[in-house]
Amino acid sequence: MVRIIPMAASSIRPSLACFSDSPRFPISLLSRNLSRTLHVPQSQLFGLTSHKLLRRSVNCLGVAESGKAAQATTQDDLLTWVKNDKRRMLHVVYRVGDMDRTIKFYTECLGMKLLRKRDIPEEKYTNAFLGYGPEDSHFVIELTYNYGVDKYDIGAGFGHFGIAVDDVAKTVELVKAKGGKVSREPGPVKGGKTVIAFIEDPDGYKFELLERGPTPEPLCQVMLRVGDLDRAIKFYEKAFGMELLRTRDNPEYKYTIAMMGYGPEDKFPVLELTYNYGVTEYDKGNAYAQIAIGTDDVYKTAEAIKLFGGKITREPGPLPGISTKITACLDPDGWKSVFVDNIDFLKELE
């Protein structure tokens with residue numbers, strides 16, 4: 001917040017010698033400079049007394065200071081608005097090489113449901129939405145298949161998705177029976193008690209299975225790697241209105257994580273940001289796309305993103321054809337997110 005500090009009187013009280021036509025401070029130079037500052041023709045300045053000139057210059061300073069105050073108020077107002085905006089994580093979007101194969105794996109091995117599917121032949125792609133509950137109340141996966149593209153580069157920046165299950169060992173056995181890959185057998189997390197395992201889907205995306213009791217959001221995590229954790233936390237707090245739920249430093253393995261979200265981890269999906277010591281940039285590949293988040297106002301959202309260090313890649317406004325208002329942005333690490341108007345999103349689902 002910009003703090004306005006009044007000027008001390010002594011700092012703006014010039015001696016009358018300042019206005020004398022002397023080699024040290026020529027009156028012609030003063031009038032020329034004041035003419036530019038006060039937007040007064042130079043010829044009119046000679047009719048003003050020195051105290052009038054001074055008063056006009058101080059008034060100009062006051063206008064500048066009040067402009068800073070207005071800017072500060074705007075920043076505070078936006079910050080408050082972001083915190084009060086009705087936001088939730090809607091879906092995570094990524095690309096796959098075989099839609100039918102992926103749907104089969106997620107429904108048979110991970111217990112997801114195919115919620116809806118749409119084919120856009122004129123744009124040569126197909127979408128499928130899968131999850132553990134309806135889209136109007138659950139975080140879901142949006143798969144994208146681009147005609148003729150059967151393989152993507154996942155890159156080193158994307159980490160994994162998290163799935164909460166009742167029994168990790170049982171889920172792993174099912175994955176093995178269906179031909180899935182297990183990259184980390186079930187067992188307690190290092191330094192903790194939570195039982196986890198890691199598996200991979202047919203495209204190589206990693207899923208962390210977390211043994212957890214009944215939860216309204218089984219699709220519970222998206223993990224992305226960042227080059228500056230403090231910067232990322234501040235950005236997601238201010239521009240996205242997320243809460244910092246917890247951090248954990250693992251010096252033995254040289255990484256730190258921060259859990260960010262719109263509510264507790266056992267009830268809401270979270271963004272898990274990971275910082276690996278000394279690594280500031282990552283190859284993001286072309287497989288993972290973005291997270292979509294609901295908002296009451298895409299226009300104000302775009303203002304906040306710009307103000308707090310993000311980059312708008314699609315200006316706020318309606319999408320051609322369906323009129324759903326969105327805005328798209330990049331965070332300081334280059335990860336993309338899309339904000340979708342809450343009312344328009346519900347209309348899409350009707």
Side-chain angles (χ1 to χ4, degrees), residues 92 94-98 101-112 130-132 139-141 143 151-215 217-226 229 245-261 265-266 268-279 282-285 287-288 291 335:
V92 60
Y94 53 100
R95 303 172 182 93
V96 296
D98 186 324
R101 177 186 65 183
T102 304
I103 291 173
K104 181 179 175 67
F105 182 83
Y106 288 3
T107 54
E108 293 185 358
C109 296
L110 299 177
M112 294 185 190
L130 297 100
Y132 296 98
F139 184 49
V140 307
I141 286 171
L143 302 176
K151 192 174 183 181
Y152 292 94
D153 175 20
I154 294 177
F158 170 79
H160 63 259
F161 304 111
I163 304 284
V165 298
D166 294 332
D167 189 326
V168 167
K170 185 177 180 180
T171 304
V172 165
E173 289 305 313
L174 181 59
V175 169
K176 288 179 178 178
K178 297 293 183 178
K181 181 180 178 181
V182 178
S183 53
R184 199 265 199 195
E185 292 289 340
V189 65
K190 292 181 175 69
K193 297 180 180 179
T194 304
V195 176
I196 68 166
F198 276 92
I199 64 170
E200 292 184 18
D201 77 357
D203 288 276
Y205 290 101
K206 290 183 173 63
F207 283 79
E208 181 182 12
L209 305 178
L210 301 100
E211 195 158 279
R212 187 180 289 176
T215 173
E217 286 285 13
L219 179 59
C220 58
Q221 291 179 4
V222 177
M223 191 276 260
L224 303 173
R225 297 182 175 93
V226 298
L229 190 58
L245 303 171
R246 64 183 174 95
T247 60
R248 187 177 80 237
D249 186 37
N250 294 274
E252 181 181 356
Y253 299 99
K254 297 183 179 181
Y255 73 90
T256 307
I257 64 168
M259 297 294 192
M260 311 284 300
E265 289 178 65
D266 60 341
F268 295 85
V270 299
L271 184 60
E272 179 181 343
L273 304 175
T274 298
Y275 168 69
N276 292 298
Y277 292 7
V279 184
Y282 292 94
D283 169 25
K284 294 179 178 60
Y288 173 84
I291 289 175
W335 293 114

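- Across all their heavy atoms, L245 and G261 have their closest contact at CD1-N, 4.1 Å.
- The backbone N or O of A156 sits less than 3.5 Å from a side-chain atom of R225, completing a donor-acceptor pair.
- Ring geometry, Y205 versus F161: the interplanar angle falls from 30° to 60°, so the pair is classed tilted.
- To the nearest 0.5 Å, the span separating CG on D98 from CG on L143 amounts to 11.0 Å.
- Judged by distance alone, with hydrogens and angles left aside, the side-chain atoms of T215 form a donor-acceptor pair with the main-chain N or O of D266 at under 3.5 Å.
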Worksheet entry | V226/Y282 under side chain to side chain contact (heavy atoms under 4.5 Å, CB included): CA gap, chis, key distance, verdict | CA-CA 8 Å; V226 298; Y282 292 94; 6.0 Å; no

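- Among the candidates I199, V189, I196, the single residue satisfying the side-chain contact (heavy atoms from CB on, under 4.5 Å) test with E208 is I196.
- The existence of a salt bridge linking R248 and E272 is excluded, since no basic side-chain nitrogen approaches an acidic carboxylate oxygen closer than 4.0 Å.
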Practice prompt. I would like to know whether I163 and M112 meet side chain to side chain contact (heavy atoms under 4.5 Å, CB included); could you show each step before the answer?
Written response: CA-CA 10 Å; I163 304 284; M112 294 185 190; 3.8 Å; yes

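- Between Y94 and F158, every side-chain heavy-atom pair lies at or beyond the 4.5 Å cut-off.
- Among residues two or more places apart in sequence or in another chain, the salt bridge (Lys or Arg N to Asp or Glu O under 4.0 Å) test is passed with R184 by none.
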Item to complete: Under the side chain to side chain contact (heavy atoms under 4.5 Å, CB included) rule, what do L110 and Y132 come out as? Steps first, then yes or no, please.
Response: CA-CA 10 Å; L110 299 177; Y132 296 98; 3.7 Å; yes

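- K178 is linked by a salt bridge (Lys or Arg N to Asp or Glu O under 4.0 Å) to E108, counting only residues two or more places apart in sequence or in another chain.
- Taken from OH in Y275 to CD1 in I257, the straight-line distance is 15.0 Å, to the nearest 0.5 Å.
- Distance CG/N276 to CG/L229: 10.5 Å, rounded to 0.5 Å.
- The minimum heavy-atom distance between G180 and F105, with the atom names listed, is CA-CE1, 3.9 Å.
- N250 and Y277 are not linked by any side-chain donor-acceptor pair at a separation below 3.5 angstrom, with hydrogens and angles left out of the test.
- Rounding to the nearest 0.5 Å gives a distance of 13.0 Å between CD of E185 and CZ of F198.
- A distance of 5.0 Å separates CE of M223 from NE2 of H160, quoted to the nearest 0.5 Å.
- Atom CG in L271 sits 10.0 Å away from atom CD in Q221 (nearest 0.5 Å).
- Considering every non-hydrogen atom in both P214 and D166, the closest pair reads N-OD1, 4.3 Å.
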Worksheet item: Given the rule in the side chain to side chain contact (heavy atoms under 4.5 Å, CB included) test, do D167 and E211 qualify, once you have shown the distances and angles that lead to the verdict?
Response: CA-CA 6 Å; D167 189 326; E211 195 158 279; 4.0 Å; yes

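- Of all the heavy atoms in A164 and C220, the pair that sits closest is N-SG, 3.8 Å.
- Ring geometry for Y106 against F207 counts as perpendicular: the plane angle is over 60°, on a 0 to 90° scale with 30° as the lower cut.
- Closest heavy-atom contact between P186 and A169: CG-CA, 3.9 Å.
- Taking the side chain as every heavy atom from C-beta outward, D283 and D153 approach each other to under 4.5 Å.
- For the pair A258 and T247, the tightest heavy-atom approach, listed with the atom from each and the gap, is CB-CG2, 3.9 Å.
- Sorted by first and then second residue, the salt bridge (charged side-chain N to carboxylate O under 4.0 Å, His left out) pairs with a member in residues 197-207 read R101-D203, K181-E200, E200-K206; sequence neighbours excluded.
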